[in-house]
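In what follows, a structure is listed as structure tokens, so that the remarks can point back to it.
Worth knowing before you read on, the calculation uses all heavy atoms, side chains too, and leaves out hydrogens, waters and symmetry mates. Within every chain, numbering begins at 1; the chains are lettered A, B, ... in the order of the sequence lines, protein sequences first and strands thereafter.
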2 protein chains.
Amino acid sequence: MGPGLDDRATQVLRYIVEDYIATAEPVGSRTISKMMGQALSPATIRNIMADLEEMGYLAQPHTSAGRVPTGAGFRYYIDYLLARRTLARGDVDQLNRAAEEGNAPADELVRQVSRLLANLSRQTSVVIVSRPDHQVLRSVNLMRAAVDKILLVAVMQGGWVQHRLIEEEPGLTGDDLEKINAYLNELAGGLTLPQLRVRILTELRQEKAQYDAVMRRALTVGARALEDTASGEVFVEGRANILDQPEFAEDVHRLKRILRAFEEKSVIFRLLDRAMDSKAIQVSIGPENPVEDLGDISVVASGYRQGESAVGSIGLIGPVRMDYSRVIPLVEYTASLLTTMFGQR
Amino acid sequence: MGPGLDDRATQVLRYIVEDYIATAEPVGSRTISKMMGQALSPATIRNIMADLEEMGYLAQPHTSAGRVPTGAGFRYYIDYLLARRTLARGDVDQLNRAAEEGNAPADELVRQVSRLLANLSRQTSVVIVSRPDHQVLRSVNLMRAAVDKILLVAVMQGGWVQHRLIEEEPGLTGDDLEKINAYLNELAGGLTLPQLRVRILTELRQEKAQYDAVMRRALTVGARALEDTASGEVFVEGRANILDQPEFAEDVHRLKRILRAFEEKSVIFRLLDRAMDSKAIQVSIGPENPVEDLGDISVVASGYRQGESAVGSIGLIGPVRMDYSRVIPLVEYTASLLTTMFGQR
DNA sequence: TTTAGCACTCCTGTAACGAGAGTGCTAACC
DNA sequence: GGTTAGCACTCTCGTTACAGGAGTGCTAAA
């Protein structure tokens with residue numbers, strides 16, 4: 001099917017990858033011969049396997065073990081051989097139901113969907129909300145949070161909520177706040193946070209701002225609140241699932257490395273960042289993923305959008321030996337679900 | 001020192017517990033004899049050990065292994081023998097610094113402190129914010145969140161923020177919202193959310209509400225927003241630390257059980273709930289903790305307050321063989337830190 | 001009451017070994 | 001020429017045997 005391999009080699013490769021995905025054990029020539037209905041004898045299969053090994057698609061853990069697909073082998077499988085299974089009706093239903101949960105706030109909803117994805121795939125699910133700055137505002141509000149602190153609350157089009165604390169301009173009354181709020185909301189409609197900031201700064205240079213004290217105050221407070229940009233959020237669900245994978249469960253060291261990675265926001269970001277901008281789903285096999293310390297895991301991820309702009313991505317993290325035919329459509333569907341979720345709200 | 005044991009037995013028990021905490025291995029009579037400066041021979045120690053075993057404080061994994069403290073042994077140690085180490089200056093400084101981080105919102109701050117606690121103790125740190133309903137309001141605000149949804153944002157005295165989504169009363173303009181906000185804030189000062197709800201309901205029955213349409217609307221929207229109570233939040237930090245404990249790292253099954261527990265909010269709640277109301281720090285050794293499935297872990301936890309009312313608790317989860325002399329003061333201090341954090345803001 | 005001495009138990013690591021799975025190569029077969 | 005049966009070879013894995021070590025319990029002497 002794919003380039004560089006004849007029909008038989010292609011089939012053998014496919015069987016090996018699929019059996020390996022199912023069993024996590026090296027697969028031998030006898031097994032493949034049986035799978036193919038004895039059409040070819042084990043000896044013939046062995047010849048083909050030797051060829052595939054020479055081309056870099058297979059490897060032997062040791063001389064007299066069966067073959068294991070290499071990274072390249074998995075890559076070939078995914079690019080050319082993958083029979084994309086359609087999603088089970090039940091899975092779709094469950095996901096839809098999780099996304100519909102009426103009055104949960106956006107973050108709760110995302111967490112629920114992500115958790116379900118983790119359960120369905122038996123892998124670890126990760127969501128990043130990575131570009132709060134690309135999200136479009138619906139409304140903003142300043143609230144008193146402490147004697148000397150004000151809280152800026154921003155509600156985004158998708159229903160996402162952000163806060164930031166700012167030191168208070170001394171002496172603001174509740175009435176002042178209300179006026180400022182009204183004024184800010186007038187400016188804010190349809191802008192992103194950084195855009196709002198620019199807008200405020202230009203407004204401040206306008207003449208009328210010079211004469212209206214409240215307005216000036218509103219603008220300076222607003223500008224201050226928007227000085228630093230938000231860093232984004234990460235949700236990880238189903239960490240315990242990696243223990244179902246024999247390749248990780250065996251090896252404590254590996255396990256620790258991975259669990260530590262899950263605790264570092266920045267690492268998660270690096271893993272999923274790439275998927276955010278590309279339209280298609282991204283599969284990073286082992287060392288293909290951007291974190292060198294995690295060369296033994298795969299990431300299947302897809303960005304989701306709010307309207308036109310990419311705001312985050314969702315994905316699964318697991319062993320290289322993942323069931324891609326099942327997992328890829330799952331992630332795709334979930335990502336599209338998030339996109340519509342954020343679109344509608 | 002403690003009841004029921006003479007001086008020597010007490011000392012032997014202490015040494016065994018401390019050595020076992022340090023090494024995670026059964027400790028033998030020779031080791032103890034050396035630790036005591038050869039004051040007693042191994043044979044004597046063995047006699048004492050046999051006594052301690054009979055009393056239920058020690059156990060042998062098998063004949064001809066050293067002794068291991070039982071749950072009762074640890075309990076005795078903590079109740080009567082624990083030399084509470086004072087906190088290292090450096091640890092205190094680090095914690096203070098983490099808690100001071102100027103403009104982070106409350107949840108971020110709590111997460112940081114918790115993470116640091118996990119690092120300092122090399123255990124898994126858990127915080128629950130368990131009684132959002134006991135926290136006193138500073139201000140509330142209704143914001144438009146979608147075409148047909150309104151977001152209630154409540155800022156608590158401690159700087160904590162809560163949201164809830166509500167279906168919109170049809171046809172509210174921005175102006176209406178502002179008026180409602182002003183009105184609600186007038187009512188809200190110093191109340192908890194459920195108290196506010198009661199207040200609103202009585203207000204609704206008052207005569208003047210009958211004649212003022214905006215007010216009536218404000219009240220009904222407000223009442224609706226407060227119908228369901230918030231469930232509280234959980235932060236877990238330092239999960240990977242349990243892999244540093246040999247007793248867990250060895251045993252995948254155990255590990256999985258614990259990691260799964262960390263993913264269940266309700267389980268975490270059950271583990272830490274008890275600590276919330278008692279003034280003193282709570283130590284649950286192994287099977288003493290309220291989750292029967294987790295009879296092989298210990299929980300050291302302490303509640304923290306906001307003003308007078310208990311609003312949550314913070315603790316460490318780890319093996320029974322924890323370094324209590326270090327961990328207890330750490331948790332105590334961190335809890336007090338949270339209390340002052342929430343008091344000041 | 002303490003302790004030296006000793007037999008005994010149990011774990012742990014190592015080595016030896018056979019069974020099993022799988023390979024590569026060669027020679028025969030179609 | 002491609003395919004395959006046959007076979008020697010390699011490597012893993014589980015079992016067994018065995019020696020060393022750590023630690024105990026008991027007895028008898030100090």
Intermediate values then yes/no, salt bridge (Lys or Arg N to Asp or Glu O under 4.0 Å), B/R326 and B/D91: CA-CA 11 Å; B/R326 175 173 162 68; B/D91 295 356; 3.2 Å; yes
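If you measure from atom CD1 of B/I45 to atom C1' of C/dA4, you get 15 Å, rounded to the nearest angstrom. Regarding A/E53, its CD atom lies at a distance of 11 Å from the C1' atom of C/dG24, rounded to whole Å. The CG-C1' distance, from B/D51 to D/dT24, rounds to 15 Å in whole Å. Computed from coordinates, the A/R30 CZ to D/dA5 C1' distance equals 13 Å when rounded to whole Å. Atom CG of A/L52 and atom C1' of C/dT23 are 15 Å apart (whole Å). Protein atom CD of A/E25 is 12 Å distant from nucleotide atom C1' of D/dC13, rounded to whole Å. In this structure, B/I32 places its CD1 atom 10 Å from P of D/dG23, rounding to the nearest Å. Separating the NE2 atom of A/H62 from the P atom of D/dT12 is a distance of 5 Å, rounded to the nearest angstrom.
Taking for each of B/T63 and A/G28 the nucleotide of DNA chain C with the nearest heavy atom, the 5'-most of the two is the partner of B/T63.
Separation of atoms CE (A/M322) and CG (A/L316) is listed at 6.5 Å; rounding is to 0.5 Å. Annotation: the span from B/T10 atom OG1 to B/Y57 atom OH amounts to 9.5 Å, rounded to 0.5 Å.
Residue A/R67 places at least one side-chain N or O closer than 4.0 Å to OP1 or OP2 of C/dT23.
Each of D/dA5, C/dC25, D/dG25 was ranked by its minimum atom distance to the side chain of A/R46; first place goes to C/dC25. Distance from the side chain of A/Q60 is smallest for C/dT23 among the nucleotides C/dT3, C/dT23, C/dT2. Nearest nucleotide to the side chain of B/T44, out of D/dG25, C/dT3, D/dA5: C/dT3. Of the candidate nucleotides C/dT3, C/dC10, D/dA5, C/dT3 has the atom lying nearest to any side-chain atom of B/N47. Of the candidates C/dT23, D/dT24, C/dT3, the closest approach to any side-chain atom of A/M49 belongs to C/dT23. When distances are taken from the side chain of A/L40 to each of C/dA4, C/dG24, D/dT4, the shortest belongs to D/dT4.
Taking a cutoff of 4.0 Å between a charged side-chain nitrogen and a carboxylate oxygen, A/E25 and A/R321 do not qualify as a salt bridge.
Atom NE2 of B/H253 is surrounded by 12 or fewer heavy atoms from other residues, nucleotides or ligands within 6.0 Å.
Within 3.5 Å, a donor on the side chain of B/S64 pairs with an acceptor on the base of C/dT9, or the reverse.
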